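The shown structure was predicted, so the numbers you read here are calculated from the model rather than taken from an experiment. Hydrogens, waters and symmetry mates are skipped; everything else that's a heavy atom, side chains included, is used. Note on naming: letters A, B, ... go to the chains in the order of the sequence lines (proteins, then strands), and numbering restarts at 1 for each one.
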There are 2 protein chains.
Amino acid sequence: MDAKGTREHIVRAADELFYKQGFEHTSFADVAGAVGISRGNFYYHFKTKDDILAAVIAARIAERRRMLDQWEAEQDTPAGRIRRYINIVIANETDIEDYGCPVGTLTTELAKLGHGCMDSATAIFTLFRSWLGEQFTALGRADDADDLAMHVLAASQGIAVMSQAYHDREFTRREAAQLCAWVDAQAAKEE
Amino acid sequence: MDAKGTREHIVRAADELFYKQGFEHTSFADVAGAVGISRGNFYYHFKTKDDILAAVIAARIAERRRMLDQWEAEQDTPAGRIRRYINIVIANETDIEDYGCPVGTLTTELAKLGHGCMDSATAIFTLFRSWLGEQFTALGRADDADDLAMHVLAASQGIAVMSQAYHDREFTRREAAQLCAWVDAQAAKEE
DNA sequence: GTCTATATACCGATAGAC
DNA sequence: GTCTATCGGTATATAGAC
């Protein structure tokens, strides 16, 4: 296989394992096994484990950006787009119950490790934060758009944490519905 | 020193290190260094690392129970007690910015590790959940007391995650104040 | 570009002297 | 009850054959 293909394969496998097992708990042997290459071959593509993490974070940012573009095309209204974001916790219910939010759990882990990639991980949050802010601005809430965006982010993270702790789908759906209703109430304040 | 004293010293040091560095990232050498004993001496008091974790979780539960009792004595009204809980995110601002919520980050880590102590860690959440439920019941909301308790837990966890990501104290205070106002609004529905 | 073999370090855990 | 010394396993990372 060509270098680019193998590299991408490594990033994809590492992405999933970092999410499901955590960054530190995932060894090169784990990733190599998932990709189907030897441990030694690893270092042709990445010098260190931190380099793989950086590549994974970059890939996540690119993927989320594509996702946001798609949502913007699919949903006609700002409120609909925000609700689409909130519904991640239901669409990815099973994964979130088992492994939490990919963004939240990564920042939490990297913060404790004092890892240099912490800021890059936070940038994934910022991507959503800015996008949500734009939607609230379009909703006529330019003055406190960022505050409202942060509120949605925080509420979603809270749902993800409790979902992981209790595996209670009724809770998840109830909270998501409440948050969506809150969004619509914010839209009503527009006039 | 006597066995009990050393054991307690170990649990206290492990508690702090597990919180600040994470469970897996903390080695016996780290804890031994913090306590001031040799690595070998460890195994006189605990057979395995998992045993230390179990002891740390048990200690956290006992400590939180004492804390809830104290809040119940200090605060006269159910709403005041719930607000006291919410204000943890402000009282422990600095630690939460750096290391997140001790309960939320532990359950998140143990879930990813597939660790057997996951249920014990969730029990710390349940302690707060039940207590908050009692307060909402006293507030005249017996029918959905547990739902409301879960909402407060989720909101607090969300604040903690975003606080760790952005270190934004204005955000933390704003969200805490909003949640407190929400509690008071729930109380108003009592009649 | 991928492999095997290996260097080096640290991990959790054990054995035995004191 | 605490220590030193050490075992076996695994981690990241490297060297060199193919």
Side-chain angles (χ1 to χ4, degrees), chain A residues 1-57 106 109-110 112-118 120-121, chain B residues 1-59 106 109-110 112-118 120-121:
Chain A
M1 200 188 288
D2 62 332
K4 201 185 160 194
T6 305
R7 194 193 145 94
E8 276 176 17
H9 202 163
I10 289 172
V11 172
R12 220 173 322 145
D15 190 348
E16 186 180 341
L17 286 168
F18 288 174
Y19 173 43
K20 296 191 173 176
Q21 304 186 339
F23 168 68
E24 193 173 33
H25 190 59
T26 301
S27 69
F28 277 28
D30 291 333
V31 184
V35 177
I37 61 172
S38 70
R39 267 161 296 157
N41 188 10
F42 240 104
Y43 294 85
Y44 175 79
H45 303 279
F46 295 96
K47 280 193 176 69
T48 66
K49 195 182 178 184
D50 292 345
D51 288 344
I52 302 180
L53 177 60
V56 166
I57 292 175
L106 183 64
E109 183 180 3
L110 296 184
K112 294 222 184 201
L113 298 181
H115 198 287
C117 283
M118 171 68 180
S120 316
Chain B
M1 202 187 289
D2 62 331
K4 201 184 161 195
T6 305
R7 193 191 146 96
E8 276 176 17
H9 202 165
I10 290 173
V11 172
R12 222 173 321 147
D15 191 347
E16 186 180 341
L17 286 168
F18 288 173
Y19 173 44
K20 297 192 173 176
Q21 304 187 340
F23 168 68
E24 194 172 33
H25 190 60
T26 301
S27 69
F28 277 29
D30 291 334
V31 184
V35 177
I37 61 171
S38 70
R39 266 160 298 159
N41 187 11
F42 240 104
Y43 295 85
Y44 176 80
H45 302 280
F46 295 96
K47 279 194 177 67
T48 67
K49 195 183 179 183
D50 292 346
D51 288 344
I52 302 179
L53 177 60
V56 165
I57 292 175
L106 182 65
E109 182 180 4
L110 296 184
K112 296 222 185 201
L113 298 180
H115 198 287
C117 284
M118 172 67 180
S120 315

Asks: My understanding is that only residues two or more places apart in sequence, or in another chain, count here; which of them pass ring pair (Phe, Tyr, Trp, His ring centres under 6.0 Å) with A/His115?
Replies: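 Result, ring pair (Phe, Tyr, Trp, His ring centres under 6.0 Å) vs A/His115: A/Phe23.
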Asks: When every nucleotide of nucleotides 9-14 of chain D is labelled 5' to 3' by its protein contacts under 4.0 Å (heavy atoms), B for base, S for sugar-phosphate only, - for none, what sequence of letters results?
Replies: --SSBB
Asks: Using whole Å, what does the distance between atom P of nucleotide D/dA17 and atom OH of A/Tyr44 come to?
Replies: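 Answer to the nearest Å: 18 Å.
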Asks: How close do B/Glu109 and B/Glu24 get, heavy atom to heavy atom, and via which atoms?
Replies: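 For B/Glu109 versus B/Glu24, the nearest heavy atoms are OE2-N, 2.9 Å.
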Asks: Mind checking the CG-SG spacing from A/Leu106 to A/Cys117? Nearest 0.5 Å is all I need.
Replies: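 Between A/Leu106 CG and A/Cys117 SG, I get 8.5 Å after rounding to 0.5 Å.
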Asks: What residues form a side chain to side chain contact (heavy atoms under 4.5 Å, CB included) with B/Ala59, not counting sequence neighbours?
Replies: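 For B/Ala59, the residues satisfying side chain to side chain contact (heavy atoms under 4.5 Å, CB included) (neighbours in sequence not counted) are B/Val11.
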Asks: Could you give the NE2-to-P distance, from A/His9 to C/dT2, as a whole number of Å?
Replies: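 Roughly 11 Å, once rounded to whole Å.
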Asks: Please report the distance, rounded to the nearest Å, between CG in B/Asp2 and C1' in D/dT2.
Replies: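 Distance check: B/Asp2 CG to D/dT2 C1' gives 13 Å.
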Asks: Quick one: A/Phe46 CZ to C/dG1 P, roughly how many Å, whole number?
Replies: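 Atom-to-atom, A/Phe46 to C/dG1, this comes out as 13 Å.
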Asks: Enter the distance from B/Ile57:CD1 to B/Ile52:CD1 here, rounded to the nearest 0.5 Å.
Replies: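 That separation rounds to 12.0 Å.
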Asks: Figure out the CZ/P separation between A/Phe42 and C/dT4, and round it to whole Å.
Replies: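 Those two atoms, CZ and P, are 15 Å apart.
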Asks: For the side chain of A/Ala3, counting heavy atoms from C-beta on, which of D/dT2, C/dT2, C/dG1 is nearest?
Replies: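 Of the candidates, C/dG1 comes closest.
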Asks: Please say whether more than 12 non-hydrogen atoms of neighbouring residues, nucleotides or ligands are located less than 6.0 Å from CD in B/Gln21.
Replies: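 Yes - once you tally the heavy atoms of other residues, nucleotides and ligands closer than 6.0 Å, there are more than 12.
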